[in-house]
Amino acid sequence: MENSRAGSFSIPSSVPADQHQDRNLRHRLDEVLAEARQNERKLRRFQSLELQLIGLSSLCELIQAVVYPDPAATQWDMVTLLLIDPEYEIQRILEEEDVNLRDHPALIFTSDGNKLDALHPYSLFPMLGPYQPNRHAALFPLPKRPASVALLPMVRNGRLIGSLNIGSYSRERFIKGVRTDILEHYAAVVAICLENAANLERLKRQGLTDTLTAINNRRFFDQRLGEEIASATRSQRPLSCMLLDVDYFKKVNDSYGHQIGDQVLREVAAVIRSQLRGGDVLSRYGGEEFSALLAQTGADGAVDVAERIRKAVAEHRFTPPNGEQFSVTLSIGIATYNPEYTPPPAAMTGDTLIGHADHALYDAKAAGRNKVVNAGDVAAAQEGW
């Protein structure tokens, strides 16, 4: 009888277990709801950030917003942006906006897309994990290294255009298995915005590009000349102006025809471009004449560059359809505005600098052509120039 009573108490003893299970379920439900609310807040932050990017039309402002996002919106410790820029196009656009790329180590460029393909072997998928110096050091050239990273490939039309790289000082922040859908969406928005901004810059520059040689035209040069003089005045660094003229170009047209003459101009422009820095401004000034602006370059440095150009063009061989190769030469005139030696800086104008360079070019032709003549550091505006 006692045994039967003891057995009768076995059913109520399961009630606390059920209550414990209910508490576990409620606790788990609270965790799920808290995670859902956290994800909702994160999604709203990213949506706000994406709307900000979409509203920016300037490539410079867009890149700045991507590389330096609002910490409250992202809660990231560091961000770097690697872009494939084989033609130096994006870098040139930024430099024309007075962006000193050396001041922004988080903005990285490469001309070789294969290096980025090797970093993202699966191209369309983010890569999360611990920071590995041998693999990631070039992506985070910052004073402090992250503990974990998220590498987000940016793809447009099946082509890798760059990588958005996020770092955290927490080793547990970016680990394999963590959901990346929000990050993937953000990287896709960044890629679209970058492409659209770059295309807009290209459209803006179409009216400033010489269609024959694919370099800047006279209108662009005249616009940049005043800007570069103002920049040189602010920085107190020299600016050299170079005028380059193809010698006896009329003979080329008379001997080989205008189509070959056009080919010569295209190839001469390419040779000159190859001897200049990415930030230098090269333009077709008119006819067979070219112009170049070399920022932060004094008279001696400009002469060295001009001599390299003169030699490279003289050694270049042009091949018309009949196979009879020929060469051309350049005469080059240089003038330099050096704020340190040219008082008062405010008196310097584009017409003055061009006038001195043009006079030096005339002297180069008068001296027998295929020569470089340097006017040196020019003075303030002179009558007639």
Has Asp304 got a side-chain atom pairing as donor or acceptor with Gly301's backbone, closer than 3.5 angstrom? no

Results of side-chain contact (heavy atoms from CB on, under 4.5 Å) for Val373 - residues two or more places apart only: Ala360, Asp363, Ala364

Can you list the steps and then say if Asp280 with Arg277 is a salt bridge (Lys or Arg N to Asp or Glu O under 4.0 Å)? CA-CA 5 Å; Asp280 295 333; Arg277 299 168 301 183; 2.7 Å; yes

Listed once per pair and sorted, the ring-ring contact (aromatic ring centres under 6.0 Å, His included) pairs that draw on residues 230-257, sequence neighbours left out: Tyr256-Phe326

Is any side-chain heavy atom of Tyr337 closer than 4.5 Å to one of Pro238? no

His316: what forms a ring-ring contact (aromatic ring centres under 6.0 Å, His included) with it, not counting sequence neighbours? Phe318

Tightest non-hydrogen contact, residues Arg171 and Pro130, listed as NH2-CB, 3.6 Å

Could you walk me through whether Glu95 and Gln91 pass the side chain to side chain donor-acceptor pair (under 3.5 Å) test, one step at a time? CA-CA 6 Å; Glu95 287 173 344; Gln91 295 166 81; over 6 Å; no

Using modelled atom types only, decide if a donor and an acceptor are shared between the side chain of Ser255 and the backbone of Val252 within a distance under 3.5 Å. no

Asn338 and Thr336: side chain donor to acceptor below 3.5 Å: no

Could you name each residue pair satisfying salt bridge (charged side-chain N to carboxylate O under 4.0 Å, His left out) that touches residues 53-69, not counting sequence neighbours? none

Using links of under 4.5 Å between side-chain heavy atoms of ILVMFWY residues, direct or through other members, which residues join Val189 in one cluster? Ile54

Step by step, would you call Ile354 with Tyr285 a side-chain contact (heavy atoms from CB on, under 4.5 Å)? CA-CA 11 Å; Ile354 283 288; Tyr285 199 65; 3.5 Å; yes

Residues at least two apart in sequence or cross-chain that pass side-chain hydrogen bond (donor to acceptor under 3.5 Å, both in side chains) with Lys365, listed by chain then number, are Asp245, Asp247

